[in-house]
2 protein chains.
Amino acid sequence: MAVRRQPTLRDVAAAAGVAVSTASRALTKPGRVNADTADRVVAVAKELGYIPSASARALLSGRTATVALVLPDVTNPFFFGLVRGTGARLRESGYVQVLADTEESAEVELDTLRKLRGQVDGAVLAASRLSDEQIAGAAQDLALVVVNRTIPGTPGVLLDTAGGMVQALEHLVGLGHTRIAYAAGPATSWSDRRRREALEPAAARLGVDLVVLGPYAPVRASGAQAADAAVESGVTAVIAFNDLLAFGVLERLDVRGVPVPGRMSVIGCDDIFGADLVRPALTTVESPVERAGRMAADLLLARLEGGRSDDEDAGGLDDEPVVPVRDAADPVMLPTHLIVRSSTGAAG
Amino acid sequence: MAVRRQPTLRDVAAAAGVAVSTASRALTKPGRVNADTADRVVAVAKELGYIPSASARALLSGRTATVALVLPDVTNPFFFGLVRGTGARLRESGYVQVLADTEESAEVELDTLRKLRGQVDGAVLAASRLSDEQIAGAAQDLALVVVNRTIPGTPGVLLDTAGGMVQALEHLVGLGHTRIAYAAGPATSWSDRRRREALEPAAARLGVDLVVLGPYAPVRASGAQAADAAVESGVTAVIAFNDLLAFGVLERLDVRGVPVPGRMSVIGCDDIFGADLVRPALTTVESPVERAGRMAADLLLARLEGGRSDDEDAGGLDDEPVVPVRDAADPVMLPTHLIVRSSTGAAG
DNA sequence: GTGAAAGCGCTAACAT
DNA sequence: ATGTTAGCGCTTTCAC
């Protein structure tokens with residue numbers, strides 16, 4: 001508990017009988033040092049349990065080998081894949097992941113980003129509550145990658161849930177449904193807007209009535225209202241903004257004695273933990289969230305590590321890029337797909 | 001994206017027309033500086049968007065204002081409350097939380113702890129895969145608080161799930177069950193051992209047969225074996241190591257056509273997300289995990305911030321502690337309680 | 001009340 | 001190949 005004093009490079013150098021600079025070289029760039037000396041230093045360092053001070057390194061280099069994942073709510077199951085995906089990728093490159101929960105508040109998020117500057121080399125911003133301008137502003141001070149958002153000039157990863165929703169619609173049409181509800185998410189949700197923009201033309205194309213319900217908070221509790229509204233509107237199927245909401249819809253329909261999928265089919269989005277546990281099991285749109293996390297971390301690391309090519313080759317002759325360099329502002333879009341389970345069936 | 005250069009204290013001092021030392025004082029200990037000067041410095045700092053360098057502070061003070069939460073698996077729902085609880089408490093005190101996933105490996109965990117030393121001021125170690133000796137060793141180098149573990153000399157928070165399991169047993173006995181199975185968790189699990197040690201005497205006291213099944217990996221997939229073993233052993237109720245396992249048991253019983261709770265009652269542990277979603281809803285032992293996280297962070301912060309009283313008052317006369325100081329090694333035990341849902345019923 | 005200077009642990013010139 | 005020195009941004013003596 002006393003936490004003993006850590007040995008510094010000086011201690012190691014002294015114990016090995018060399019100068020600190022030599023010890024530093026021996027530890028960080030072997031080859032630039034006599035093999036015997038290097039071995040000795042390394043041995044001494046290990047024996048003393050020497051660990052380089054991250055703060056000193058950071059102070060000197062300006063880099064912290066730390067990346068933040070900024071989320072509105074750490075406990076929202078949808079984000080688990082992101083935590084895992086970014087975490088795994090970061091660990092592979094020796095980075096430390098720090099988690100920041102902004103409690104669904106734009107203010108907290110802005111403040112967090114401000115504090116993070118200097119503490120981390122960059123951040124992955126997921127489901128941000130900030131405006132495009134605020135994000136762009138923050139990106140001036142901190143290397144940023146956004147998830148499910150497009151900010152000009154800032155790299156991003158997109159999950160094509162809108163495409164998945166269209167698949168959901170097609171699935172329902174295939175089952176004979178002609179009047180279908182979409183239980184919308186928060187009015188401020190960027191994803192929600194994209195989905196509606198995709199669903200409406202798709203419905204027209206498929207010749208079905210699309211009834212937009214909501215907006216609803218994307219939580220179980222809101223499912224009751226959504227279910228009531230769906231029943232009321234005379235649809236035979238409802239596509240919910242996310243699984244949490246869909247769970248609530250299922251519960252409410254159960255309470256009301258509306259058979260699923262007998263009289264009402266239900267589809268969710270995200271395939272969170274529990275989607276295959278509920279009865280009936282929930283048909284839902286699965287997103288490769290973990291992969292999105294990996295990619296987001298990838299993009300960030302590429303930017304952090306690939307900080308070279310700044311002014312070099314300024315007057316080069318062969319300026320033609322053979323492989324067209326992907327514009328960092330051009331976000332990666334990941335496909336999603338529908339998982340059919342028992343909560344959907346033929347139109348009642 | 002270009003990430004402009006941050007203003008340093010020097011810039012602020014220069015702009016305010018004072019020495020760096022004065023600027024430093026103005027920002028950190030107002031009162032030791034002329035009020036006008038202080039105001040001016042603060043104004044300039046704000047205008048320049050000055051943010052003190054965490055690395056420089058850390059280098060100087062040896063403190064990082066960062067605490068790690070070390071977990072075997074970030075995505076295990078059981079830990080969400082810990083993430084949230086520790087995170088909230090740490091944020092309140094201005095600390096940054098870093099998350100470390102050890103991938104269920106003692107080796108990774110040890111390595112993580114080693115690297116963390118110097119990067120963080122302390123760590124909360126949950127469900128550690130290390131031996132008592134390894135933890136005690138790590139505690140020499142890093143302020144540690146353990147969750148669900150007792151390590152002499154290291155403060156800890158315990159969730160009394162063993163007590164909850166006894167409640168579960170009593171509940172079943174009250175329903176007329178006389179032959180009950182306990183589907184055990186991993187052989188290396190400290191919690192599992194404690195539960196068995198509590199269940200056995202309780203079963204004897206209550207006059208019921210307790211059949212210990214397993215060990216099983218605490219995941220859904222293992223539930224099938226556990227369910228089969230339970231049916232085989234002729235019990236009318238099974239208490240599972242955790243909800244994940246219980247979910248698997250429910251699924252398997254459903255497949256086999258064994259009615260729950262008609263022919264078999266099922267109880268889980270942890271009340272994770274989904275426990276009230278499955279059908280029948282799972283009777284389970286709820287632990288105040290988030291509160292445990294808060295307390296763990298509390299204990300750690302108390303130790304980090306209250307680092308005074310080391311050698312002082314060595315020859316004091318009034319050595320009688322009026323309020324008996326709680327030994328840090330004396331772990332806090334948090335009570336748990338049973339949540340009765342529909343997966344338990346009268347003995348078939 | 002304020003300034004000058006030392007130094008935290010480390011790495012990167014520069015010198016030998 | 002190795003030692004010497006400067007300095008990253010900050011706080012903290014120590015003078016004034």
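All figures in this text were calculated on a predicted structure; none of them were measured in a lab. Chain letters run A, B, ... following the sequence lines, proteins first and then strands; every chain starts at 1.
Atom CZ in B/Arg32 sits roughly 13 Å away from atom P in C/dT2 (whole-Å rounding). Going from atom CG of B/Asp11 over to atom P of D/dG9 covers 8 Å, rounded to whole Å. Taking atom CZ of B/Arg63 as the reference point, atom P of C/dC8 lies 19 Å away to the nearest angstrom. Between the CZ atom of B/Arg10 and the P atom of C/dA4 there is a distance of 12 Å, given to the nearest Å. Between the CG atom of A/Leu60 and the P atom of D/dC8 there is a distance of 10 Å, rounded to whole Å. Between the CG atom of B/Leu27 and the P atom of D/dT12 there is a distance of 13 Å, given to the nearest Å. Atom P of nucleotide D/dC10 and atom CD of A/Gln119 are separated by 13 Å, given to the nearest angstrom.
Of the candidates A/Asn34, A/Val33, A/Asp36, A/Leu27, A/Val41 forms a side-chain contact (heavy atoms from CB on, under 4.5 Å) with just one, namely A/Leu27.
Here the side chains of B/Leu113 and B/Leu130 are in contact, with some heavy-atom distance below 4.5 Å.
With C/dC10, D/dC10, D/dT11 as the choices, the nucleotide that has an atom nearest any side-chain atom of B/Ala56 turns out to be D/dC10. Comparing C/dT11, C/dG9, D/dC10 by their closest approach to the side chain of A/Ser53 singles out C/dG9. Considering only the side chain of A/Arg25, D/dG3 comes nearest among D/dG9, D/dG3, C/dC10.
In this structure, OG1 in A/Thr86 is found 10.0 Å from CG in A/Leu300, a value given to the nearest 0.5 Å.
Contact annotation: A/Thr37 reaches the phosphate of D/dT2 (side-chain N/O to OP1 or OP2, under 4.0 Å). Put simply, A/Arg57 has a side-chain N or O that comes within less than 4.0 Å of OP1 or OP2 on C/dT11.
Toward the 5′ end of DNA chain D lies the nearest nucleotide of A/Gly17, the other residue of the pair A/Gly17 and B/Leu9 mapping further downstream. Where B/Gly31 and B/Val20 meet DNA chain C, the nucleotide closest to each residue was compared, and B/Gly31 sits on the side nearer the 5' end. Checking B/Lys29 against A/Thr22, the closest nucleotide of DNA chain D that is more toward the 5' end is the one next to A/Thr22. Take the nearest nucleotide of DNA chain C for B/Asn34 and for B/Leu59: the residue whose nucleotide is more 5' is B/Asn34.
As judged by a 4.0 angstrom heavy-atom cut-off over every strand, A/Thr28 is placed among residues touching the sugar-phosphate backbone only. The residue A/Thr8 sits close only to the backbone: its heavy atoms come under 4.0 Å of sugar-phosphate atoms, none of a base.
If you check distances only, the side chain of A/Ser21 does reach the base of D/dT4 with a donor-acceptor pair under 3.5 Å.
Looking only at distances, no side-chain donor or acceptor of A/Ser55 sits under 3.5 Å from a matching main-chain atom of B/Ser55.
A donor-acceptor contact closer than 3.5 angstrom links the side chains of B/Ser93 and B/Arg89.
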